[in-house]
Amino acid sequence: VPCYRCGRVQTDPVKGASPWARGVVKKEQILICPDCQQEHPQWTGELDRCPSCGGTRLSMVMGSLVCRQCGYEGEELEGHSL
Ligand SMILES: [Zn+2]
Ligand SMILES: [Zn+2]
């Protein structure tokens with residue numbers, strides 16, 4: 001999956017924690033590279049937020065939203081009406 005901002009493809013995945021960040025934008029799982037995270041410190045503002053806790057540590061699993069922060073699972077997204 002390429003970076004959703006610059007399109008750069010993740011290379012040489014290092015074992016352990018990746019500097020690439022994951023998130024959900026408009027119900028799409030996205031990745032953002034470390035460069036874009038630095039260039040756009042407000043990048044998390046573009047992410048969808050958990051309707052339960054407001055966190056951005058979300059993933060899409062089988063079409064539903066899963067929050068890794070509070071464990072929320074569902075279809076709803078705050079601030080979006082699709
Ligand atoms: Zn990027
Ligand atoms: Zn949550």
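Counting starts at 1 for both ligands and their atoms, in listed order. Counting from 1, the numbers follow the sequence of the chain as shown.
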Enquirer: Only counting residues at least two apart or in another chain, list the ones meeting salt bridge (Lys or Arg N to Asp or Glu O under 4.0 Å) with Arg68.
Expert: none
Enquirer: How would you list, by chain and number, every residue that makes a salt bridge (Lys or Arg N to Asp or Glu O under 4.0 Å) with Arg22, sequence neighbours excluded?
Expert: none
Enquirer: Are Leu65 and Tyr72 side-chain neighbours, meaning at least one heavy-atom pair lies under 4.5 Å?
Expert: yes
Enquirer: Under 4.5 Å between any side-chain heavy atoms of Gln10 and Ser18, yes or no?
Expert: yes
Enquirer: Starting from Val66, can I reach Met60 by hopping between I/L/V/M/F/W/Y residues whose side chains sit under 4.5 Å apart?
Expert: no
Enquirer: At a cut-off of 2.8 Å, list the protein N/O/S atoms near the Zn ion (ligand 2), residue plus atom name.
Expert: Cys50 SG, Cys53 SG, Cys67 SG, Cys70 SG
Enquirer: Under a 4.0 Å threshold between the charged nitrogen and the carboxylate oxygen, would Asp35 count as salt-bridged to Arg8?
Expert: yes
Enquirer: Could you please give the number of protein N/O/S atoms within less than 2.8 Å of the Zn ion (ligand 1)?
Expert: 4
Enquirer: Any side-chain heavy atom of Ser52 sitting closer than 4.5 Å to one from Cys67?
Expert: no
Enquirer: Determine, for Lys26 against Glu46, whether the closest basic-nitrogen to carboxylate-oxygen distance falls under 4.0 angstrom.
Expert: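 Salt bridge between Lys26 and Glu46, a charged N being under 4.0 Å from a carboxylate O: no.
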Enquirer: Is there a side-chain contact between Ile32 and Trp20 in this structure, where contact means two heavy atoms from C-beta onward sitting under 4.5 Å apart?
Expert: no
